[in-house]
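Taking it in order: structure first as structure tokens, then the write-up.
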Amino acid sequence: MCNCSTHEPREIPAYNAQAIEAKWMDAWDAEGIYKTDTDPAKPKKYILEMFPYPSGDLHMGHARNYTIGDAMARQARMRGYDVLHPIGFDAFGLPAENAAIKHNTQAKAWTYKNMDQALATMRRMGFSYDLDRLVRTCSPDYYRWGQWIFEKLMERGLVYRKKNPVNWCPNCKTVLANEQVTDGVCWRCGEAPEKRDLEQWYFKITDYAQELLDDLEKLPGWPERVKQMQANWIGRSEGAEVDFTLCDADDNPIAGDKGKITVFTTRADTLFGCTFFLLAPEYEGLHDLVAGTEYEAGVMEVVEGAKHVTAVERAQGELEKHGAFTGRYVVNPINGEKVPVWVADYIVSDYGTGAVMAVPCGDQRDFEFATKYGLPVKPIILMDDEIQALVDETGKTREEVVSSYRADTVAWESAHAAEGTLVQSGRFTGMTGGKHSEGEAAVVAELEERGVGRRKVEFRLRDWLISRQRYWGNPIPVVYCDHCGIVPVPEDQLPVVLPDNLDLGAGETLAECKEFYETTCPVCGRPARRETDTMDTFTCSSWYYLRYCDPHNTELPFSKEAADRWMPVDNYIGGIEHAILHLLYSRFFTKALRDMGLLSVDEPFTNLLCQGMVKDENGETMSKSKGNVVPPSSVIEPYGADTMRLTILFIAPPEKDFDWDPKAVEGANRFLKRAWRMVWQLAGTADLGAVVDSSALDEAALELNREMHRTLAKCTEDFDRQQFNTAISAIMELVNAASAYLNNVPAAQRNRALCAKVAENIVLALTPICPFWAEELWHEALGHTESVYGAPWPTFDLAQAKRDTVEVAVQVLGKVRTRIEVAADAPKDEVEQAALAAAERWIAGKNVVKVIYVPGKLVNIVAK
RNA sequence: GCCCGAGUGGCGGAAUUGGCAGACGCAGUGGACUCAAAAUCCACCGAUGGCGACAUCGUGCGAGUUCGAGUCUCGCCUCGGGCACCA
């Protein structure tokens with residue numbers, strides 16, 4: 001044990017992680033050190049990790065997520081911030097219900113058991129959560145306010161009920177929001193959803209589409225890719241609506257559908273190339289157009305066929321297109337041309353108007369359809385090389401070619417590029433065509449002038465379907481009364497309490513639970529029926545970060561004062577899988593609550609860190625079914641929580657995926673043991689509390705002092721950048737420098753004040769990362785009596801990191817040839833002269849054209 | 001199809017503003033200590049050639065800008081991600 005070359009005066013105890021961690025866990029609990037201060041004099045910092053779904057014990061992904069957040073929170077506290085660092089559970093949801101059905105127990109019991117286990121692991125990991133602010137979404141004092149917010153949204157017209165074709169997951173036995181269908185399948189179970197026509201509850205998130213898109217620019221602290229994903233999802237398109245007049249084969253107007261059908265297009269400039277017109281199979285007035293005609297059967301076949309196209313097939317693309325003629329026509333408002341109306345299964349009903357003008361010359365889908373059904377392809381845009389080819393062939397001028405071009409249809413292989421010069425386009429011929437082009441603007445202007453078109457912006461974002469046909473969720477607080485209609489439950493009767501005695505194992509649902517649904521109308525007092533759908537769990541997670549600000553409020557979900565103190569969240573840490581779902585919904589809630597006057601912020605999360613995934617040793621995602629899960633306990637039990645935390649933060653930058661590596665754990669543990677010995681050794685020759693007098697240091701001590709200031713500066717900067725891997729490497733360098741000093745300088749000759757300072761700074765710098773290790777050394781090796789949790793972050797002085805002389809690289813034509821040692825403050829001329837002398841060998845016989853000096857770094861000699 | 005990222009030793013990664021590529025760690029090699037092993041400590045550790053001083057090459061590929069490029073520009077390749085019959 002004793003390193004014989006140094007003969008330390010004190011015996012160094014072994015680093016016993018288990019004993020140390022058990023000791024401090026209890027001591028910290030007893031002291032209640034994690035209670036949030038509310039000192040308005042200090043600047044605030046709200047650090048938040050995405051709360052877990054309690055589906056079992058925590059896994060490696062959670063451990064990584066919370067370790068990152070905890071290191072940030074602990075360091076922020078040391079830097080003098082008033083820190084809010086809470087935790088809770090996203091406790092409603094299907095897995096609890098499914099587990100309860102399977103094991104014939106209650107969802108609540110299962111959920112609470114898992115939450116207790118997760119809390120124990122969090123405690124074991126040393127996470128600094130203020131548990132006085134614990135939020136569980138399945139608790140009535142939380143979901144009460146979810147119901148309250150639902151009603152406030154309703155008052156503002158942001159909630160509605162509508163019958164629509166929706167995604168129904170036959171496995172989960174509930175409808176899904178658009179965001180919850182990924183790659184055509186249910187996000188939770190992977191089953192392909194069916195289309196069902198159901199009346200459901202929606203949140204009108206589309207009212208905020210523009211602001212949700214625009215405000216992404218207010219989020220410089222978010223990863224670019226997340227903002228990109230949200231922008232894609234919101235999917236803004238600028239274009240125009242164009243009204244087409246309906247008629248029959250004999251040009252008689254058709255009264256149905258008010259005699260006109262409107263389309264949305266981003267390419268009004270191509271209106272002259274419209275050779276047919278398409279309706280989605282779900283188009284509302286479609287059946288009326290064909291009922292009783294010879295075309296009805298053909299059209300209905302397409303309508304029926306479209307119902308069987310699964311979302312998976314759609315998502316994978318390249319589907320055969322199907323269509324049928326309706327026997328009807330529309331008149332193109334730009335040129336009065338009559339074109340046939342078809343139904344086509346590639347037209348989506350819930351985007352734009354569900355009707356589309358088809359321009360087969362420029363749109364590959366329309367082209368394929370035209371080719372299949374023998375419809376004309378009329379070219380109306382020529383590319384420069386096409387025009388040039390015609391000029392060469394005919395000898396005409398460019399202008400003549402463009403103005404005289406005529407073709408009613410062409411036999412092309414595929415649609416042509418959609419940008420170029422307009423031809424066969426009336427007075428627009430010769431203008432440029434394309435998105436946002438001169439031609440497009442001119443056509444829209446004419447349509448607007450004639451009252452048959454108008455500018456329009458469309459979004460891909462759909463309203464959020466929030467009702468779920470499941471038990472374990474927040475009840476939607478409305479009552480159906482035959483007399484009064486849909487009646488919200490009055491505020492003083494909230495919450496609508498979810499019963500916890502359903503026989504789920506026997507398949508009982510809320511809709512069958514009389515005690516729940518039988519009620520009286522709050523308005524007229526007659527018998528009425530409660531809504532038995534619950535809210536999407538994502539409604540619960542859309543505002544939990546606000547409840548943390550004021551978790552015990554019994555008057556409101558949170559007070560404005562508390563929200564103003566803590567919001568917005570300064571650092572939000574979680575997985576990329578929520579890039580759209582949770583992060584978009586939360587932004588929507590924040591904006592809606594702001595508009596109600598409950599909040600002052602526009603955006604909930606200032607900085608977002610999406611941590612990478614933890615994969616297994618072979619780069620595979622960990623999963624129970626693969627049997628490759630590495631549980632956190634497999635590291636904590638042999639090595640301790642501090643080793644676990646250090647490993648996670650050191651192995652890779654937080655946003656990168658990494659493959660689990662047992663060797664990295666051993667390496668981290670080895671470093672902790674080494675640093676432990678180093679602190680004890682330094683402490684053995686330390687004058688604790690003494691001030692370092694830098695003028696009294698010998699060369700070895702000066703070197704250590706410089707390294708201390710340099711590495712602390714680097715470490716501090718890296719914490720600011722959230723690059724914990726390099727922050728740790730800086731601490732390792734300091735430990736290495738301390739080791740060199742201890743090895744090279746006999747105990748009697750060491751600077752005792754410096755030894756004390758270095759030891760304290762090593763401990764302090766590692767405190768946010770390895771809190772148990774640090775606390776033990778802080779007390780036992782360094783003699784402190786207060787917790788290191790409240791200790792200030794180390795300070796540094798870059799002036800003391802500077803050397804008297806610096807090594808300067810000497811380059812000739814950009815290649816390093818040699819190095820010279822010069823005084824740090826040597827003037828430019830002197831360094832250049834020294835460099836020229838040192839580079840003699842490489843510049844002999846050449847002409848020195850130029851010398852570039854980068855102070856303290858290099859001299860580049862340009863010699864030819 | 002459209003839109004983002006990323007590509008650096010045997011491995012994880014560093015290089016923050018255009019300035020010495022490979023910090024720190026893992027693995028490996030040699031040495032010290034030991035009867036021996038483990039642990040620990042010290043040294044080496046991109047490739048090729050050379051006893052060596054050193055030279056040449058080297059950040060996915062190819063050009064370019066620059067005194068100087070992992071970093072900037074253009075054109076590719078590969079991998080990853082998002083959106084998508086969205087008009």
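Labels below follow one simple rule: chain letters A, B, ... track the order of the sequence lines, proteins then strands, and each chain is numbered from 1. Note: hydrogens, waters and symmetry copies are ignored here, and every other heavy atom, side chains too, is used. Note that the structure is a prediction, hence the values are computed from the model and not measured.
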What residues 710-720 of chain A contributes to the RNA chain B interface at heavy-atom separation below 4.0 Å is A:K714, A:E717, A:D718
Between A:F276 and A:F369, ring centroids under 6.0 Å: yes
Pick base, sugar-phosphate or nothing for A:I651, based on heavy-atom distances below 4.0 Å to the nucleic acid. sugar-phosphate
By the 4.0 Å heavy-atom rule, please label A:E807 as base, sugar-phosphate, or nothing. base
Do A:E733 and A:R710 meet the salt-bridge criterion of a basic N to acidic O distance under 4.0 Å? yes
Hey, does A:P653 reach any base, or is it just sugar-phosphate, or nothing, if we go heavy atoms under 4.0 Å? sugar-phosphate
Considering every strand and a 4.0 Å limit on heavy-atom distances, what is the contact class for A:W842: base, sugar-phosphate, or nothing? sugar-phosphate
Residues two or more places apart in sequence or in another chain: which of them pass side chain to side chain donor-acceptor pair (under 3.5 Å) with A:K656? none
May I ask you to decide whether A:E179 forms a salt bridge with A:R462, counting only side-chain N to carboxylate O separations under 4.0 Å? no
Hey, mind stepping through A:T270 and A:M357 against side chain to side chain contact (heavy atoms under 4.5 Å, CB included) and telling me if it holds? CA-CA 10 Å; A:T270 64; A:M357 65 174 210; 3.5 Å; yes
Can you tell me which nucleotide in B:C85, B:G82, B:A87 comes closest to the side chain of A:I580? B:G82
For the ring pair A:W412 and A:F367, is the centre-to-centre distance below 6.0 Å? no
So if I take every side-chain heavy atom of A:E733 and compare against B:A87, B:C67, B:A23, which nucleotide ends up nearest? B:A23
Counting side-chain heavy atoms from CB outward, which of B:C57, B:C54, B:A87 is closest to A:T265? B:A87
Base, sugar-phosphate or nothing for A:K656? Non-hydrogen atoms, less than 4.0 Å. sugar-phosphate
Compute the centroid of each ring, for A:F724 and then for A:F719, and state whether the two points are separated by less than 6.0 Å. yes
I'd like to know if A:E655 pairs up with A:R721 as an ion pair, taking the criterion as any Lys NZ or Arg NE/NH1/NH2 lying under 4.0 Å from an Asp or Glu carboxylate oxygen. no
Using a heavy-atom cut-off of under 4.0 Å over every strand shown, decide if A:Q364 touches base, sugar-phosphate, or nothing. nothing
Does any N or O donor sit under 3.5 Å from an N or O acceptor when you compare the side chain of A:K321 with the base of B:C85? yes
Secondary structure of RNA chain B per the Watson-Crick/G-U criterion (both distances under 3.5 Å; [ ] crossing, | other strand, . unpaired) is (((((((..(((......[....))).(((((.......))))).((((....))))..(((((..]....))))))))))))....
Under 4.0 Å between any heavy atoms, over every strand shown, what does A:R817 touch: base, sugar-phosphate, or nothing? Just pick one. sugar-phosphate
B:G9, syn or anti by chi within 90 degrees of zero: syn
If you look at every strand shown and take non-hydrogen atoms under 4.0 Å, does A:F650 touch a base, only sugar-phosphate, or nothing? base
With rounding to whole Å, what would you report as the distance between B:G12 and B:G7 at their C1' atoms? 15 Å
Span that lies between the P atom of B:C61 and that of B:C2, in whole angstrom: 26 Å
Side chain of A:K850, heavy atoms from C-beta onward: which of B:A87, B:C67, B:U40 has the nearest atom to it? B:C67
Which nucleotide wins on minimum distance to the side chain of A:Q723, given the candidates B:C67, B:A14, B:A55? B:A14
Rounding to the closest angstrom, what is the interatomic distance between B:G1 and B:C76 at atom P? 13 Å
Heavy atoms under 4.0 Å, any strand shown: does A:N725 hit a base, just sugar-phosphate, or nothing? sugar-phosphate
Contact class for A:K227 (heavy atom, under 4.0 Å): base, sugar-phosphate, or nothing? nothing
For A:E224, report the nucleic acid contact type (base, sugar-phosphate, nothing); a contact means any heavy atom under 4.0 Å. nothing
Taking the same atom, P, in B:C41 and in B:A63, what whole-Å distance lies between them? 48 Å
Measure the distance from CG on A:L279 to C1' on B:A87 and round it to the nearest whole Å. 13 Å
